[in-house]
Each structure stands twice: as C-alpha cells, then as structure tokens.
Amino acid sequence: MPTNDSRTLHLSIDSLNMRIVGVILATLLAQQASAQLADVDWWKTTTFYQVYPRSFKDSNANGIGDLEGITLKLDHFVDIGIGGVWLSPVFKSPMKDFGYDVSDFREIDPIFGTMADFEELAQGCKDRGLKLVLDFVPNHSSDEHVWFNKSIAREDPYTDYYTWRDPKGINETSGEPIPPNNWLSVFGGSAWEYNEEREQFYLHQFVAGQPDLNYRNPLVVTEMEDILRFWMDKGADGFRLDAIPHLMEDQTFPDEPPSNDPEFTPDQWGSLSHIYTADLPELYPIIYGFRKVVDEKQEELGRQMVMMVEAYTSLENTMKYYGEGDVKGAHFPFNFEFITNVNNETTASELKEIIDRWQNALPSGAWSNWVIGNHDRTRVASRFGRDFSIAAITMGQLLPGTAITYNGEEINMEDTWISWADTVDPQGCQAGPEFYEKFSRDPVRTPYQWDDSVYAGFTIPDSEKPWLPVNGNYEELNLAAQKQEENSPYAIYKKLTAMRKDMNAVKSGQLGTSTVGENIFVFTRYLQSADEKSVLVVVNLAENEVNADLTGVPTLRSGAMITYHVGVNSSYTAGQELSPSSVNVPARGSLVFLYTNAASTTVLASLLLVFSVILSLLH
Ligand code: GLC
C-alpha cells in the first residue's frame, strides 16, 4: 500500500508529467507555426499602398500625375518597405469623378499615359518584387461608355445594361418629368436623371455621369468578369472593388424612409435610410462570383491574386464579404474602424472595444486588415493631429492582418484647405458653396510632397499649375526633409514596415488587448516560442504624458523586461531596456517595445532533461 506521502509524490509527478507534455506540445506547435510562415500568402503580411495617380508624380509637366511618374518613383515603395501598390482608377474616363467614371474599362486614359506605360509600370513592379493591384469599378460606368449610348438607343443586348424607369408623371407647373421615386445620389440631389432620347430616367447613385449598371442582367455580370480576366492577363495581381454596397437595388423601386438625422438637408444622401439601395442580399453572390473568376485566373497564371472590397456598412454586412460557408468572397473587405469609429474623443477602453469587436466578428479563418485613410476621407494627420496619427499608423501596421496606407501617410501629410473657386471634386461641387467644405474630397488629394522645390517636386517648376494646389506646408513637410531626420514620421514608418517583414510576432503572433488606467491602451503580439521577440504597443489617448505601470498586462510574463524599439516623442532610445513598472508614454503618442514572453527553449530543454533524470530515478 502506498503511503499518503508517496501518493502525493506520484500525483505531483503525474501533474508534472502533464505539464512537461504541455510544454513539449506548445514548443512543437510554435515550431510548426513558424514552419508554415514560409507559405503565408504575400497579401497577408505585406502593406498595400494606395496611389492616387493624379496627385503622385507628374512626368510630363501638365500638372496631373501619370503612370510614368509612378514608374519613376517605384524605388520609393521599396524604400518604405511596402509590398503591394494599389492604383486608384487609371482607365479611360471623362473624369467627372476623376477616374471613377470609366468610359472604357480596357483602356488607359491618355491623361495617365498609354497601355505601354502601364506595361512598363507592371514590369517595374515585378522587377522589384512589388505586386500591382487595380481599382475595379463595377457599380457604374461613365455616361460616355459605348454600352450606355447603345442602351439609350435601346440597342440589344444593351437595352437593359442600366437601370431605366419611366417618369412617375409630369410636373404640372414646370412640365418636367417627375423621377420614379425619392432616391438620392451619394453626392446629393436625385439619383435619377432624365434622358430625352429614351424618354426614361436612369439611376445613378453617384454623379449623373456615372449611370448604375444593372446587375440583375447576367450579361452585365459576364462583361465585368471578363474585364477582371483582361487585367489579370495584363499583369494585375488583384483588385480593389469600388462602392460595392450600391451594386443592387430593390426591384420594386419604393421610396426610402427618412433617416431623421438633423445633420443633413433633404437633398443630401444622409437624409434617407438606404434600405432599398444599399446592402441588398442579392449582391453578395456577385462578389463571390468575382472571386471565382480571380481564383480561376490565379490557377491558370500560377500567380497569387488578391481581392479587397470597399464597403462602408455595418460590421455584420462587412463580414458577409468574406464568403458564406465554403463559398469564398473577398480576401478581405476593408476594415474602416479607424476611419468611421475612432475619433479624438475615443477613450482607451472604447479603442480596445472597437479593436476587439472587429477581431471577434471575423469569421473563422478570415484574415484581418486595417485601413487608416484613403482618398475619400480626411487625412489621418488632420483627423487625429500630427502625433496621434502616427499612433494610428503604428496600430494599423502592428495589429494582426494586412496594413493599408494612403499615399502621403508615411510622411504624415495633412489636408490642404481649398477655396470654393478651386473646388473640383463633384461631391464638393454638388454640395454648393455653403456646404462644400464638409463634403469635398479635394483637401485629401493634393499633390504628394516629395521635396521643398517649387510644387513640392510633384512636377517641374515651369509645368502647368498642378490640378489641385500644393499644401502650403510643403517646405517644412516633405519626404526629402524627413529622410534627414532621425525620428521623422518616414523613419518611424520604415521601422514599422520592417517589423512586419522581419518579426514572426507581427506576422502570426496572438493578439492581447488591455487598458491601463483611463488613458492607456496596450496591445501585445506575442509568441509562445521563447526564442523570438514579442511586441508590446502602448498608446496614450490623453493630452498629457502618462506614467504607466504595465506589469499587469496579461500577456507580459512577470519579471520580463521590455526593450524600447520605436515611437513618437519618446524619452527612450532604441535598444534601451526598462522595467514595465514605470513607462512614460508621451501625450497622444505610441511606444513600441520588444520583449521575450517566456523562458528560452534552451532553458526549457535543460529543465526537461533534469526532470526526466529525476523521473527515471524515481521509477
Ligand atoms: C468609391 C470611391 C470614390 C468614388 C465612388 C464612386 O467610394 O472611393 O472615390 O467617388 O466610389 O465610384
């Protein structure tokens, strides 16, 4: 009979055995995870950089950026460590919405260059290991597209390529035809335009020069799928899909109810609740169909493609774009949380909640992503201020998933004030002089600030005036100047993209989020494998410096020291080791530290050896 003492000894040996098995399993799993990393798809670990072609680099002195300009600057992408370039539309267009109104989906607009220029750009990307992603605008064409002209003339098979409706009646006083219902354009005013020749109204959810294609017509779907194939054959590595929630409308065309949002006047889009013109369930299968086309081409060409969806919608609807069951959708729909939900009043616990909510909403196996800004929304530096914008970019780079950067974010470019007289964006123009500042997207689209020469190096001094004014701050805020500064936004950005490339913790580490006090948000990207560094990001949402005790951060091993790596306005120097018990976090800033999460595997191996010797002695 074993004595009580020996039973206790056996029990603790058993639990010790269990723990050892646990440690071995954890180590094996961690090793397996690193082995799989080599196969991780390129679009997962990289940063996509959105180029707004009109404003990036003008090569022919007409004041408008072009493809050759982008080719001239390809080394900039390599320098800042991004792996994918996404071009806003460069297709043939009368430019009523600056390229988002396409009159030939298979041609390059002469403003941007030629097909040969496109091919040269694609080759230049390939030579540098960069991927090239195009903007695909399926919701509408230009009113100058040949399909639209044939549709006006009721020439088959184009008659129903667009959404046409009879007038509701004739206005007795003006004698004008009355639109079929109260639907509004995103840019303001009726979403219907009367066509004298066809004697019917056509639907346009954006400007009148952007007639909505009719996705209830299978021929339209086939046409658009062929266009995807065409560009993949030409060298595109994937697409950003534009304005997707607007793809389909209710077939019975009922009036939409008011939103009762006092912020909007009756002719502004926000004044209605868009239950019949946005997020219709029928649109998701169209996106799944596009994915099928992309996957088939990927198979045929032996090149991994990517498909990203632009959809400003609820979290629930956003997640549907990933697919349904076994049917694949987009590789990811854009995550706009930093644009739509984070603002200057956001508290640390709200920020944690916003990030956790997105991560928890992801369907199983879905890949995350973080968009900080784009050509439609106030620049991040103007939204959050010069310091917190870098904190936001830091989060976007180091949270799990793909990072997306809008050109200029890497140097913290700001919005440019544009007078009513200089306003060209249709959304601004349509709003009129009283409201244009609230709606115009011109301020976020001004020329890229390369250096302190005339026109900020965007074009040559005796060029025509740039299509939008250069920001007056360009002499102080430009790429060339930031290359000389040690801790400039550019230098920080480069360190962050390098972390994405070099560190397994950023590629595949677990995410842990927490708050410390009222103002500090912390997240870790940690690895169980003890031989590799984990990452700790500390963000201060207060207007003043905060001294934070981070020892309670759940994923930080007790006793671990942390090493400062990169940050904004930091009092620490790179490589400096400190205790997490007292960390000074600058006002509205972020600090990134590295740490080791557990004892190293060499130590574990020695411990295992000692335990197994003890065990064999006991048996
Ligand atoms: C998307 C684009 C925007 C464009 C609109 C219509 O939202 O990002 O710039 O005006 O679609 O195509």
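In each ligand, atom 1 is the first atom listed, and ligand 1 is the first ligand listed.
- Here Phe112 contributes atom CZ and Phe91 contributes atom CZ; the two are 10.0 Å apart, rounded to the nearest 0.5 Å.
- Looking at atom 4 (C) of ligand 1, its nearest protein heavy atom turns out to be Asp97 OD2, 3.3 Å.
- Scanning the protein heavy atoms around atom 7 (O) of ligand 1, the nearest turns out to be Glu310 OE2, 2.9 Å.
- At a 4.0 Å cut-off, at least one heavy atom of Phe187 sits close enough to ligand 1 to count as contact.
- Within the 4.0 Å heavy-atom shell around ligand 1 one finds His140.
- The closest approach between Arg441 and ligand 1 falls below 4.0 Å for a heavy atom of the residue.
- At least one side-chain heavy atom of Arg357 sits under 4.5 Å from a side-chain heavy atom of Glu337.
- Two residues are said to be in side-chain contact when any heavy atoms from C-beta on lie closer than 4.5 Å; Arg441 and Asp97 meet this criterion.
- Atom 8 (O) of ligand 1 has its closest protein heavy atom at Asp376 OD2, 2.5 Å.
- Nearest protein heavy-atom neighbour of atom 2 (C) of ligand 1: Asp242 OD1, 3.0 Å.
- Relative to the six-membered ring of Phe201, Arg165 misses at least one condition, a distance below 6.0 Å or an angle of at most 45° to the axis.
- Listed by number with element, the atoms of ligand 1 under 4.0 angstrom from any heavy atom of Arg445 are 9 (O).
- Shown here for Leu477 and Gln449, the closest heavy-atom pair between the two residues is O-NE2, 2.8 Å.
- Just one of Asp135, Asp376, Asn139 meets the side-chain hydrogen bond (donor to acceptor under 3.5 Å, both in side chains) condition when paired with Tyr100; it is Asp135.
- Within the listing of ligand 1, atoms 11 (O) sit less than 4.0 angstrom from a heavy atom of Ala243.
- Between Tyr202 and Ser151, the side chains place no donor N or O within less than 3.5 Å of an acceptor N or O (distance only, hydrogens not considered).
- The shortest distance between side-chain heavy atoms of Phe48 and Thr405 does not fall below 4.5 Å.
- Ligand 1 does not have Gln50 within reach: every non-hydrogen atom of the residue lies 4.0 Å or more from it.
- In terms of protein heavy-atom proximity, atom 5 (C) of ligand 1 is closest to Phe206 CE2, 3.8 Å.
- For ligand 1, the atoms closer than 4.0 angstrom to any heavy atom of His375 are 2 (C), 3 (C), 8 (O), 9 (O).
- Within the 4.0 Å heavy-atom criterion, neither part of Gln205 lies near ligand 1.
- Side-chain contact check for Glu410 and His76: at least one donor-acceptor pair (N or O, by modelled atom type) lies under 3.5 Å.
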